Engineer: 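Let me give you the structure first, and then I'll get to my questions.
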2 protein chains.
Amino acid sequence: MSIRYALLGIISKKPVTGYDVVTIFKQKMIYFWSSTHSQIYKELHKMEEEDLITHQLVIQGTSPNKKVYSLTDQGKKDLIRWAIEEPLKPAKIKDEFLIKTTIFPILSEEEINQLLDEVIEREHNILAKTKEWKEHFHSQGDSDIGTILTVEYGIRYSEMYLEWCKWAKQMIQDKA
Amino acid sequence: MSIRYALLGIISKKPVTGYDVVTIFKQKMIYFWSSTHSQIYKELHKMEEEDLITHQLVIQGTSPNKKVYSLTDQGKKDLIRWAIEEPLKPAKIKDEFLIKTTIFPILSEEEINQLLDEVIEREHNILAKTKEWKEHFHSQGDSDIGTILTVEYGIRYSEMYLEWCKWAKQMIQDKA
DNA sequence: GTTTCATATGTCTAAAATGACATATGAAAT
DNA sequence: ATTTCATATGTCATTTTAGACATATGAAAC
């Protein structure tokens with residue numbers, strides 16, 4: 001039941017292909033949802049069987065043919081029902097870096113700084129992409145409230161992470 | 001390979017039971033790792049078979065007998081190897097609330113506010129528990145750098161989330 | 001006395017998710 | 001010419017995870 005509503009939510013915005021969904025997860029939703037193309041294609045098939053979505057085959061000259069999915073009435077109804085009626089499940093997070101952080105006491109200062117630099121670079125890249133995306137949709141005149149809120153969340157999340165890293169570095173230096 | 005190092009990390013601090021691990025995940029690591037007792041017990045068995053941990057049976061008068069696990073030399077070696085050598089994998093996050101956020105445009109203002117209030121309450125509770133824990137380990141004179149850093153992360157994470165919610169509420173009111 | 005709660009450990013089935021394998025087009029780069 | 005890249009869709013085996021079922025103790029609440 002997990003990925004289903006993420007997919008319905010994406011498709012509700014505008015018709016998209018499975019390939020589009022993959023890039024949306026990677027580029028625009030990285031800080032609150034993740035999946036792989038194998039799971040996405042499988043779930044799209046299942047959802048079409050259950051009449052929540054349909055697709056239109058688009059033959060392209062340039063690149064391979066694609067299936068553009070859109071919501072059925074039932075799909076939209078189910079999405080809204082889920083959003084309003086289903087009790088909110090706690091977020092599921094698996095952040096390996098924080099696990100590594102817990103064992104800093106058994107690592108050397110150099111090793112710790114190396115790990116922190118690695119994660120800082122990762123987070124910088126994510127933040128840069130998120131800001132890029134924000135600029136892009138603003139320049140397009142897009143004022144979708146869902147997009148505005150989630151992009152702001154992404155920026156705040158990454159900034160929090162980076163500030164915490166900076167604080168952690170200072171903390172470790174002071175302790176040493 | 002996922003939960004393994006989370007478990008090794010926890011056990012490296014001090015010997016614990018499977019039951020302890022369950023509560024640690026729930027109370028102290030909720031904002032960066034999650035699992036269930038069925039998975040934890042299974043993985044502990046597997047890790048013991050592979051000689052990464054061992055247990056000592058403790059017979060208690062009051063409550064049921066328990067298995068207290070500790071790291072073997074091999075377990076500690078593998079944990080450090082993982083931390084230093086294995087490339088950092090991106091965090092995997094599944095936050096349903098942000099999915100719900102993306103479809104705010106097809107919900108009513110009342111429904112949106114209800115959802116936001118729900119998540120604000122959830123996050124308040126998490127923050128309260130994290131702060132309680134921080135007070136507790138400070139009062140115990142615990143100055144484990146791993147704990148200090150992760151608890152600070154938890155507080156910053158929850159505060160970021162709550163501030164974003166507040167901002168979102170304002171944003172939605174202004175738009176209406 | 002009976003239920004509920006915290007402690008404590010396990011199994012089992014089903015669902016979800018990962019990662020590898022597999023294929024195909026057209027454009028661009030080397 | 002050949003490789004690489006972006007686009008595009010799929011399968012399959014294995015691993016991971018979730019959630020239900022199962023049991024047991026002692027203390028506390030009702």
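Keep in mind it's a predicted model, so treat the numbers as computed, not measured. We name chains A, B, ... by the order of the sequence lines, and we start the count at 1 in each one.
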Engineer: With a 6.0 Å cut-off on ring centres, are A:Y157 and A:F32 close enough?
Structural biologist: no
Engineer: With a 4.0 Å cutoff (strictly under), does any side-chain N or O of B:S2 reach OP1 or OP2 of D:dT15?
Structural biologist: no
Engineer: Quick one: does NZ or CZ of B:K169 land under 6.0 Å from the six-membered ring centre of B:W164, within 45 degrees of the ring axis?
Structural biologist: no
Engineer: Look at atom NZ of A:K76 and say whether more than 12 heavy atoms of other residues, nucleotides or ligands are closer to it than 6.0 Å.
Structural biologist: no
Engineer: Measure from NE2 on B:H45 to C1' on C:dC12 and round the result to the nearest Å.
Structural biologist: 13 Å
Engineer: From B:E96 CD over to B:T101 OG1, what is the distance, rounded to the nearest 0.5 angstrom?
Structural biologist: 11.5 Å
Engineer: Identify whether the distance between the nearest side-chain nitrogen and carboxylate oxygen of A:E152 and A:R156 falls below 4.0 Å.
Structural biologist: yes
Engineer: Rounded to the Å, how far apart are A:L44 CG and D:dT9 C1'?
Structural biologist: 11 Å
Engineer: Report the distance from atom NZ of B:K94 to atom C1' of C:dA17, rounded to the nearest whole Å.
Structural biologist: 7 Å
Engineer: Taking OP1 and OP2 of D:dA18, is either one under 4.0 Å from a side-chain nitrogen or oxygen of A:K89?
Structural biologist: no
Engineer: Judged by each residue's nearest nucleotide on DNA chain D, which is more toward the 5′ side, A:K42 or A:T17?
Structural biologist: A:T17
Engineer: Going by heavy atoms closer than 4.0 Å, what residues in residues 48-72 of chain A are next to DNA chain C?
Structural biologist: A:G61, A:T62, A:P64
Engineer: What is the separation between atom CD on A:E43 and atom P on D:dT9, rounded to the nearest whole Å?
Structural biologist: 16 Å
Engineer: Among side-chain atoms of A:D174 and A:Q170, is any donor-acceptor pair under 3.5 angstrom?
Structural biologist: yes
Engineer: Could A:R4 and A:E50 be called an ion pair, given the rule that one side-chain N must be under 4.0 Å from one carboxylate O?
Structural biologist: yes
Engineer: Out of D:dG10, C:dA8, D:dT17, which has the shortest distance to the side chain of B:Y19?
Structural biologist: C:dA8
Engineer: C:dT11 P sits how many Å from B:K46 NZ, rounded?
Structural biologist: 13 Å
Engineer: May I ask you to list the residues of residues 21-40 of chain B, by number, that have any heavy atom positioned under 4.0 Å from an atom of DNA chain C?
Structural biologist: B:H37, B:S38
Engineer: Does B:K100 qualify as a cation-pi partner of A:W82, given the criterion of NZ or CZ under 6.0 Å from the six-membered ring centre and within 45 degrees of its axis?
Structural biologist: yes
Engineer: Would you call A:K46-A:E43 a salt bridge at under 4.0 Å N-O?
Structural biologist: yes
